[in-house]
Asker: 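If you scroll down you'll find the structure; I have some questions about it.
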Amino acid sequence: EAPCPTGFYCPGALTASGQLTNNISLASTCGIYSVAMPCRPGTFQPTLSQSASSACLPCGDNLVSGDDTYRGYHCPSYNTSTQELCPAGHFCLPSLGPAVPCPGGTYRDTPGAYSSGDCAECWGGTFCPNGTIFPRFCPAGFYCPPGTPTPQVCPGGFYCQSNTSAPVVCPAGTYCPFGSTVPGTCLPGTWCYTGSTIPTLCPGGTYSNPNVTMNRTSIDISCAPCPRGKYGGDPSRLFCDACWAGYVCMGNTTRGDPTNITLHRGMICPVGHYCANGTTAAVPCARGAFNKDLGSISVEACTSCPRNSFNNLTGSAECKPCGGSAVSALDSTSCECKGKDRVFHEFDSACRCKQGYTVYSSTGAAQLDQAQEDGVLDCEPVVLDRCTDMRAKDGTCLEACLDTACATPPCYCDSEGLDFCRDACPIYQTAQAAKIQVDETIGTAVMCECTCPADSTNPNCADPNTTPIDKTYSFSSDSAGTPVLTITDSAGVAS
């Protein structure tokens, strides 16, 4: 027989049938049928021949009041006979078997801790998983604030070198994807604002500024507009391409076939013009030619004006007809009048008599009105009556007459002895004759000037800067139901 060993207690012995007997002195021996019970984890039993479970003493507790000798010890397994010092990276609570790892974000580099408060916080730039003995340095591309259990990946727009406690913002001109260890330089054709995760591509219609080799910090610094005749379509924005034939690129153009000046900064080549590759401005077709098509690419698109038509302007989409009083050959910039001494007028395709020429009737009377109208009759030189004094603008003779013949002298009278300017002005104005030089045929002629009398009270003669003109406003509707605004001044004149 042997005594009950340390780490156990022996409450009695078993019979052959396995029943505990009570007629044997407890724990006196540990025979073949005796029961040796192990002390549970968290307790220890250092003495032989113990029979009661109370012999299993709590680990890490005060054995004697005020004695902290075994604080920070533990008993991790069954049948423990001696206390073990709590390992580093852990703390051990009294009567608790296994050691408790220091929580994440803390560490313990010496053994013997008996509470979580004995685990120190990891400092910034390190991290501490559960049960850490010594803090681990934060790897590059991550950051570790104080008390971090695991490294945090560096966010986009920031960079993190090794042993970093906080991410550093990426400066302008660089970019930082997630997990960056150092900033990346912004490449040509892009720009990077402060905190950029990826470079920002220069906008369409621009390209990398050739005068900037670093510090691409803004769109204004990094991106230059494509010049006239080119467009910015390169995906990398490294260069500008020549504008497509048939289009005009006005600078800062976004595509090679622009159709909208506002959106694309360009347009399709207009009618009357042609545009070769790389055109900065549409080239107009010459006078005597036309082009009715959009998007033409060469001068071959300009077609000569057909017979009996003309074009006196460059860049025209069509030729104008000569009309019935004139003719022309191919490629004409004007037309030739059929009647002699007539001049072709391009603005309305009319043939009028030359200055100093007119058309005479069969009776030999000058038809001055017809001279200014389109026609095919030959024009002849104007023969005016010899005048002793002055002429009217139409060439008729006038004579100086008495000052009493007109309201404001000098006075000129016609062949009937009446004031030449008598009906030239409104009733509220006074007419006064004045001399002008008309042309070499008419010479000096009389014209009528209309002025308001100084003492006039008529509102039409009022100076709007000093005398407001009273007006009334009224609305009505026409036969179609459209509103009509009528403005009537103080003189009763409606507009």
Asker: What residues form a salt bridge (Lys or Arg N to Asp or Glu O under 4.0 Å) with Asp455, not counting sequence neighbours?
Answerer: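 For Asp455, no residue satisfies salt bridge (Lys or Arg N to Asp or Glu O under 4.0 Å) once neighbours in sequence are set aside.
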Asker: Could you tell me whether the side chain of Thr106 and the main chain of Pro103 form a donor-acceptor pair under 3.5 Å?
Answerer: yes
Asker: Please find the pair of heavy atoms, one from Val299 and one from Tyr274, that lie closest to each other, and give the distance.
Answerer: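 Looking at all heavy atoms of both residues, the shortest contact is N-CD1, 3.5 Å.
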Asker: Please confirm whether the backbone N or O of Ser81 pairs with a side-chain atom of Thr6, one donor and one acceptor, at under 3.5 Å?
Answerer: no
Asker: Hey, what do you get for Cys269 versus Cys275: SG atoms under 2.5 Å apart or not?
Answerer: yes
Asker: Quick check: closest heavy atoms across Ile268 and Tyr247, and the distance to 0.1 Å?
Answerer: CA-CD2, 3.7 Å
Asker: Where is the tightest heavy-atom contact between Asp234 and Asp241, given as atom of each residue plus distance?
Answerer: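 Closest approach of Asp234 to Asp241, heavy atoms only: N-OD2, 4.3 Å.
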Asker: For a side chain to side chain contact (heavy atoms under 4.5 Å, CB included) check, start with the C-alpha distance between Arg108 and His90, then their side-chain angles and the critical distance, and finish with the verdict.
Answerer: CA-CA 7 Å; Arg108 173 77 184 190; His90 298 71; over 6 Å; no
Asker: Could you please spell out the steps behind the side chain to side chain contact (heavy atoms under 4.5 Å, CB included) verdict for Cys92 and Tyr114?
Answerer: CA-CA 5 Å; Cys92 298; Tyr114 58 86; 5.6 Å; no
Asker: Could you name each residue pair satisfying side chain to side chain donor-acceptor pair (under 3.5 Å) that touches residues 146-167, not counting sequence neighbours?
Answerer: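 Qualifying pairs, neighbours excluded: none.
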Asker: Going from CZ on Phe178 to SG on Cys160, what distance comes out if it is rounded to the nearest 0.5 angstrom?
Answerer: 11.5 Å
Asker: To the nearest 0.5 angstrom, please state how far the CD atom of Gln50 sits from the OH atom of Tyr9.
Answerer: 12.0 Å
Asker: Quick one: side chain to side chain donor-acceptor pair (under 3.5 Å) pairs with a partner in residues 202-220, sequence neighbours left out?
Answerer: none
Asker: Okay, side chain of Arg237, backbone of Cys202: is any donor-acceptor separation there less than 3.5 Å?
Answerer: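 Judged by distance alone, yes, a pair lies under 3.5 Å.
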Asker: Do side-chain atoms of Ser456 reach the backbone of Asn458 as a donor and acceptor pair under 3.5 angstrom?
Answerer: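 Answer holds: yes.
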Asker: How far does NZ of Lys230 sit from SG of Cys249, to the nearest 0.5 angstrom?
Answerer: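 Answer rounded to 0.5 Å: 11.0 Å.
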Asker: Does Tyr78, at its OH atom, have more than 12 non-hydrogen atoms belonging to other residues, nucleotides or ligands within less than 6.0 Å?
Answerer: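 Check fails, neighbour count at 12 or below.
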Asker: Answer yes or no: does atom CG of Leu201 have more than 12 heavy-atom neighbours from other residues, nucleotides or ligands under 6.0 Å?
Answerer: yes
Asker: Is the SG-SG separation for the cysteine pair Cys351 and Cys337 below 2.5 Å?
Answerer: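 Yes, disulfide present: SG-SG under 2.5 Å.
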Asker: From Tyr175 OH over to Ile198 CD1, what is the distance, rounded to the nearest 0.5 angstrom?
Answerer: 10.0 Å
Asker: Do Pro188 and Leu238 come close enough that some side-chain heavy atom pair is under 4.5 Å?
Answerer: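 Heavy-atom side-chain distance check passes, below 4.5 Å.
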Asker: Going from SG on Cys186 to CD1 on Ile221, what distance comes out if it is rounded to the nearest 0.5 angstrom?
Answerer: 11.5 Å
Asker: Would you say Glu449 and Cys425 make side-chain contact, with heavy atoms under 4.5 Å?
Answerer: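 The answer is no, as the side chains (C-beta and beyond) never meet within the 4.5 Å cut-off.
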Asker: Is it true that Cys305 and Cys319 have SG atoms closer together than 2.5 Å?
Answerer: yes
Asker: Applying side chain to side chain donor-acceptor pair (under 3.5 Å) as the test, list every pair that has at least one member in residues 119-135; sequence neighbours left out.
Answerer: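 Those involving residues 119-135 do not exist here.
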Asker: May I have the step-by-step check of side chain to side chain contact (heavy atoms under 4.5 Å, CB included) for Phe127 and Cys122, ending in yes or no?
Answerer: CA-CA 6 Å; Phe127 70 100; Cys122 265; 5.8 Å; no
Asker: Count the heavy atoms of every other residue, nucleotide or ligand shown that sit under 6.0 Å from CZ of Arg228, and state whether that count exceeds 12.
Answerer: yes
Asker: Does the pair Cys176 and Cys154 meet the rule for a disulfide bond (SG atoms under 2.5 Å apart), with working shown?
Answerer: CA-CA 9 Å; Cys176 299; Cys154 204; over 6 Å; no
Asker: Would you list the atom pairs, donor with acceptor, under 3.5 Å between side chains in residues 278-293 and any protein atom, with sequence neighbours excluded?
Answerer:
from, atom 1, to, atom 2, distance (Å)
Thr279, OG1, Ala276, N, 2.9
Thr279, OG1, Ala276, O, 2.5
Arg287, NE, Asn312, O, 3.0
Asn291, OD1, Asp293, N, 3.0
Asn291, ND2, His273, O, 2.9
Asn291, ND2, Ser296, OG, 2.8

Asker: For a side chain to side chain contact (heavy atoms under 4.5 Å, CB included) check, start with the C-alpha distance between Met250 and Met267, then their side-chain angles and the critical distance, and finish with the verdict.
Answerer: CA-CA 8 Å; Met250 298 176 173; Met267 64 179 183; 3.8 Å; yes
Asker: Would you say that Cys144 contacts Pro151 through its side chain, given a criterion of any heavy-atom pair below 4.5 Å between the two side chains?
Answerer: yes
Asker: Once you round to the nearest 0.5 Å, how far does CZ of Phe158 lie from OG1 of Thr197?
Answerer: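 Interatomic distance, Phe158 CZ to Thr197 OG1, rounded to 0.5 Å: 9.0 Å.
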Asker: Which heavy atom of Val271 sits nearest to which heavy atom of Ala317, and what is that distance?
Answerer: CG2-CB, 3.6 Å
Asker: Is there side-chain contact between Val248 and Pro258, with heavy atoms separated by less than 4.5 Å?
Answerer: no
Asker: I want to check something: taking the side chain as every heavy atom from C-beta on, are Cys10 and Met37 in contact at a cut-off of under 4.5 Å?
Answerer: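 Side chain of Cys10 against side chain of Met37, heavy atoms only: no contact under 4.5 Å found.
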Asker: Taking all non-hydrogen atoms of both residues into account, name the closest pair between Thr190 and Ser222 and its distance.
Answerer: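 Reported closest heavy-atom pair: O-CB, 3.5 Å.
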Asker: Are the side chains of Trp244 and Tyr231 in touch, meaning some heavy atoms are under 4.5 Å apart?
Answerer: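 Yes - at least one pair of side-chain heavy atoms lies under 4.5 Å apart.
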Asker: Would the number of heavy atoms belonging to other residues, nucleotides or ligands and lying under 6.0 Å from CG of Leu85 be above 12?
Answerer: yes
Asker: At their closest point, which heavy atom of Ser196 faces which heavy atom of Thr174, and how far apart are they?
Answerer: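 Residues Ser196 and Thr174, closest heavy atoms: CB-O, 3.8 Å.
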Asker: For Cys335, which residues count as a side-chain contact (heavy atoms from CB on, under 4.5 Å) partner, sequence neighbours excluded?
Answerer: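 Checked Cys335 against side-chain contact (heavy atoms from CB on, under 4.5 Å); matches are Phe310, Cys322, Ala326, Ser328, Phe344.
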Asker: Evaluate whether the separation between SG of Cys170 and SG of Cys192 stays below 2.5 angstrom.
Answerer: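 Answer is no: Cys192 does not pair with Cys170 in a disulfide.
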